[in-house]
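What follows is a set of notes on a single structure, which appears directly below.
A quick note: this is a predicted structure, and the numbers were derived from the prediction, not measured.
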Amino acid sequence: MRWLRILLLASVVNLGIQSGLFAKSTRETIEYALPRVVKLFGAGGLRGLAGYGTGFLVSKDGHIATAWSHILDADQVSVVLDDGRRFEAKLIGAEPQLDIAVLKIENLTTELDHFELSTAKTVAVGQRVLAFSNMFNVAAGDEPVSVLHGVVAAKTDLAARRGAFQIPYDGPVYIMDAITNNPGAAGGIVLTRTGELVGVIGKEVRNARSNTWVNYAIPLPVLTKTIDAIIAGTYVEDEKPDEDAPDRYRPLDFGLVMVPDVVFRTPAYIESVLPGTAAASQGLQPDDLVLFVDNELVQSARELKRKLGALESGDRFEMIVRRKNRLITIQLTAPKKSDQ
């Protein structure tokens with residue numbers, strides 16, 4: 001019987017380690033998580049945007065889940081593992097509405113340690129957690145990523161404040177009592193101190209009403225179905241570019257130079273206004289954010305381009321922009337063809 005009890009205990013321990021659900025000390029949880037978190041390097045450098053981020057391995061074959069961000073807007077993304085090995089990875093799918101993307105490491109010859117998404121769970125307010133990320137690009141090689149201790153301070157729905165946060169995700173989030181959302185931290189993973197999967201660290205966002213930064217994580221159970229579908233190749237994005245949309249007018253036709261359209265949901269910020277144009281005469285300014293065209297919400301630079309492209313010569317329309325904390329209404333007219 002004594003040998004049987006030892007054998008059963010060993011089996012339970014082994015099962016727990018494999019699933020990631022074994023009750024660990026904080027040190028054991030950190031040692032367990034570090035090989036499963038990766039550093040990402042891709043596009044960047046526009047308007048001070050960082051070219052680095054964080055992801056976490058979700059399959060032995062090198063699938064990486066991360067936040068949907070501008071660094072993925074490159075042909076290939078460099079991946080650095082915890083042991084310093086470097087690989088190239090390609091984006092295989094994304095769902096901007098959930099702010100999630102999945103990469104796949106290329107030319108991988110060995111199996112990798114990874115998190116089991118099926119073990120992700122929701123946690124209550126007050127749960128003590130650990131957040132793993134490559135914030136501030138502290139770890140560029142085989143240095144360990146940063147680990148922050150914190151507490152889940154609240155769970156709230158951001159839908160009512162979506163415009164203020166200007167992020168595509170509008171579901172529930174965990175508000176973290178820790179400074180988790182820093183440059184490069186987006187796509188990091190949040191675990192309980194005993195190693196249970198909790199959430200994915202989001203991008204840096206500011207509450208425009210209170211002018212404060214928000215530290216949050218998207219609950220992982222919200223994302224697991226989409227991540228699994230992307231890996232399986234069965235996921236279909238909700239929105240596709242309309243190839244047949246008319247392209248009669250561009251922002252430049254009104255004197256507007258927009259910020260580079262680097263990601264699917266790039267906000268429609270005005271980079272500059274050309275002198276002597278309709279936009280200049282109506283008082284539009286750099287850093288104005290276009291929110292509405294004829295009372296229809298403009299969610300991205302691409303959507304603004306589509307709306308302007310559909311105008312007819314001589315159409316008069318209304319544009320509402322946000323300038324700091326004010327909403328400003330502008331009236332514009334599509335120039336006649338002979339005027340272009």
### Query
Going by heavy atoms in the side chains, are Thr66 and Thr54 under 4.5 Å from each other?
no
### Task
Determine the minimum heavy-atom distance between Pro35 and Asp113, stating which atoms define it.
CB-OD2, 4.1 Å
### Query
Hey, does Ile30 have a side-chain heavy atom less than 4.5 Å from the side chain of Phe132?
yes
#### Entry: Check: Asn137 side chain, Asn134 main-chain N or O, donor-acceptor pair, under 3.5 Å
no
### Query
Taking NZ, NE, NH1 and NH2 as the nitrogens, is one of them in Asp228 or Lys225 under 4.0 Å from a carboxylate oxygen of the other?
no
### Message
Tell me whether Lys203 is salt-bridged to Asp99, with the criterion being a basic N under 4.0 Å from an acidic carboxylate O.
### Response
yes
### Message
If you count heavy atoms of other groups shown closer than 6.0 angstrom to NZ of Lys305, is the number above 12?
### Response
no
### Query
Would you say the side chain of His63 lies within less than 4.5 Å of the side chain of Ile92, judging by non-hydrogen atoms?
yes
N/O donor-acceptor pairs under 3.5 Å from side chains in residues 139-155, not counting sequence neighbours:
{"from": "Glu143", "atom 1": "OE1", "to": "Ala140", "atom 2": "N", "distance (Å)": "3.3"}
{"from": "Glu143", "atom 1": "OE1", "to": "Gly141", "atom 2": "N", "distance (Å)": "2.6"}
{"from": "His149", "atom 1": "ND1", "to": "Arg193", "atom 2": "NH2", "distance (Å)": "3.2"}

### Message
Are the side chains of Val321 and Leu291 in contact, using a 4.5 Å heavy-atom criterion?
### Response
no
### Message
Run the ring pair (Phe, Tyr, Trp, His ring centres under 6.0 Å) test against Phe317 and tell me which residues pass, sequence neighbours left out.
### Response
Phe254
### Task
Report yes if some heavy atom in the side chain of Met319 is under 4.5 Å from a heavy atom in the side chain of Thr329; otherwise report no.
no
### Query
Looking at side-chain heavy atoms only, is the closest gap between Thr26 and Arg128 below 4.5 Å?
no
### Query
Any side-chain heavy atom of Tyr249 sitting closer than 4.5 Å to one from Pro335?
yes
### Query
More than 12 heavy atoms of other residues, nucleotides or ligands under 6.0 Å from CZ of Arg323: is that the case?
yes
### Residues Thr119, Glu196; criterion side chain to side chain donor-acceptor pair (under 3.5 Å); working and verdict
CA-CA 7 Å; Thr119 63; Glu196 296 164 311; over 6 Å; no
### CG (Leu327) with more than 12 external heavy atoms under 6.0 Å
yes
### Transitive ILVMFWY cluster of Phe41, excluding itself - 4.5 Å side-chain cut-off
Tyr52, Val80
### Message
Any heavy-atom pair between the side chains of Val37 and Ile189 that's under 4.5 Å?
### Response
yes
